[in-house]
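Down below is the structure, laid out as structure tokens.
Residue indices begin at 1 and follow the sequence shown. Heavy atoms only: backbone and side chains are in, while hydrogens, waters and symmetry mates are out.
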Amino acid sequence: MTTFDLFRRAGLPAAAVALLSLTACSGSSGATATATATVTVTAPASPAEPSTSTPEASQSPGTSDTPEATTPAPRTTEKAGPPITAATPGIFGETFQSDPGHDFTKGLSPSRDGVLRGQLVTMQDENVAEYRPIKFVPEVGGSTNGHFEGPPEGDVMAFAAPLAKDVVFLSAVGCKGNDQTINSRYLGTQRCPRDKLILRADAGDLRALITVRRSQIVKVVEIYAP
């Protein structure tokens, strides 16, 4: 067996670097000749190492993934207070009543059925009154010393509803506006006609307990607020 066969059986490739010493005998002269052959091979390639590089996030999100710019809808700026219900609210409540679920972005519409402590600010026409919630801001010196105020300027919390044909209006200053017709709770007691309510509402100075039923104003009880 030759040296080459030994390398081949050992699993070395034919191109491995090896130094083969070949001895040949000269038949006639008895001299020994040594021939050296050098063969160059390439060593077996090492297994490829896994790449440690992290692909860079070079792709920008598609246009479908980019949120569209929208104009924020107007909102109320006050913290939500107790909701409007059929129960009479505190006359001198210090938070605005709320109307959960009411969409103030779609123009003026009636508040939910119930009693709202509010102010009639104008008449949109001969039948429809615009109104808004009010709260009492106390001052030093007692529970009834202070003033009423509505939502701040720019707030969209306001309503509008038609006056019922048989609306009840109880005035705190008499039908002529020069008297004091109130009870111990500072609420009006003198019933006045519908047209007087319209004049007072259009003047924008009428603060009252406003009762809405079936999207109509059916009762207005003035709060005495000198």
CD1 on Ile84 to CG on Leu116, rounded to 0.5 Å =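 CD1 of Ile84 is found 4.5 Å from CG of Leu116.
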Could you check if a side-chain atom of [X] sits within less than 4.5 angstrom of a side-chain atom of [Y], using non-hydrogen atoms only?
| X | Y | value |
| --- | --- | --- |
| Lys196 | Phe169 | yes |
| Val121 | Arg132 | yes |
| Val115 | Pro89 | yes |
| Phe159 | Glu130 | no |
| Leu170 | Val168 | yes |
| Arg112 | Pro100 | yes |
| Ile91 | Ile223 | yes |
| Pro133 | Gln119 | no |

So, does [X] use its side chain to make a donor-acceptor pair with the main chain of [Y] at under 3.5 Å?
| X | Y | result |
| --- | --- | --- |
| Asp195 | Ile198 | no |
| Gln124 | Ala160 | no |
| Asp202 | Met123 | yes |
| Glu222 | Ala172 | yes |

task = Determine, using the 4.5 Å side-chain heavy-atom cutoff (strictly less than), whether Val128 and Leu163 are members of one ILVMFWY cluster.
result =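 Shared cluster, no.
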key: ring pair (Phe, Tyr, Trp, His ring centres under 6.0 Å) between Phe136 and His147, intermediate numbers included   = CA-CA 6 Å; Phe136 187 72; His147 65 278; 7.4 Å; no
Please report the closest heavy-atom contact between [X] and [Y], naming both atoms and the distance.
| X | Y | answer |
| --- | --- | --- |
| Arg194 | Ala164 | NE-O, 3.1 Å |
| Tyr224 | Ile182 | CB-CG2, 3.7 Å |
| Val167 | Arg191 | O-NH2, 4.1 Å |
| Gly93 | Arg117 | O-NH2, 3.5 Å |
| Met157 | Ser98 | CE-CA, 3.9 Å |

key: Residues forming a side-chain contact (heavy atoms from CB on, under 4.5 Å) with Gln190, sequence neighbours excluded   =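 Partners of Gln190 under the side-chain contact (heavy atoms from CB on, under 4.5 Å) test: Cys175, Thr181, Cys192.
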message = Going by the rule salt bridge (Lys or Arg N to Asp or Glu O under 4.0 Å), which residues pair with Lys165 if we only count those two or more places apart in sequence or in a different chain?
response =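 Listed in chain order: nothing, the list is empty.
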task = Could you verify whether a donor N or O on one side chain and an acceptor N or O on the other, from Tyr131 and Ser111, lie under 3.5 Å apart?
result =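 Yes.
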Cut-off 3.5 Å, no hydrogens considered: what does the side-chain donor-acceptor table look like for residues 204-221, sequence neighbours left out?
residue: Arg207; atom: NH1; partner: Asp205; partner atom: O; Å: 3.4

task = May I ask you to decide if the ring planes of Phe148 and Phe92 are parallel, tilted or perpendicular, using 30° and 60° as cut-offs?
result =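 Ring orientation of Phe148 relative to Phe92: parallel.
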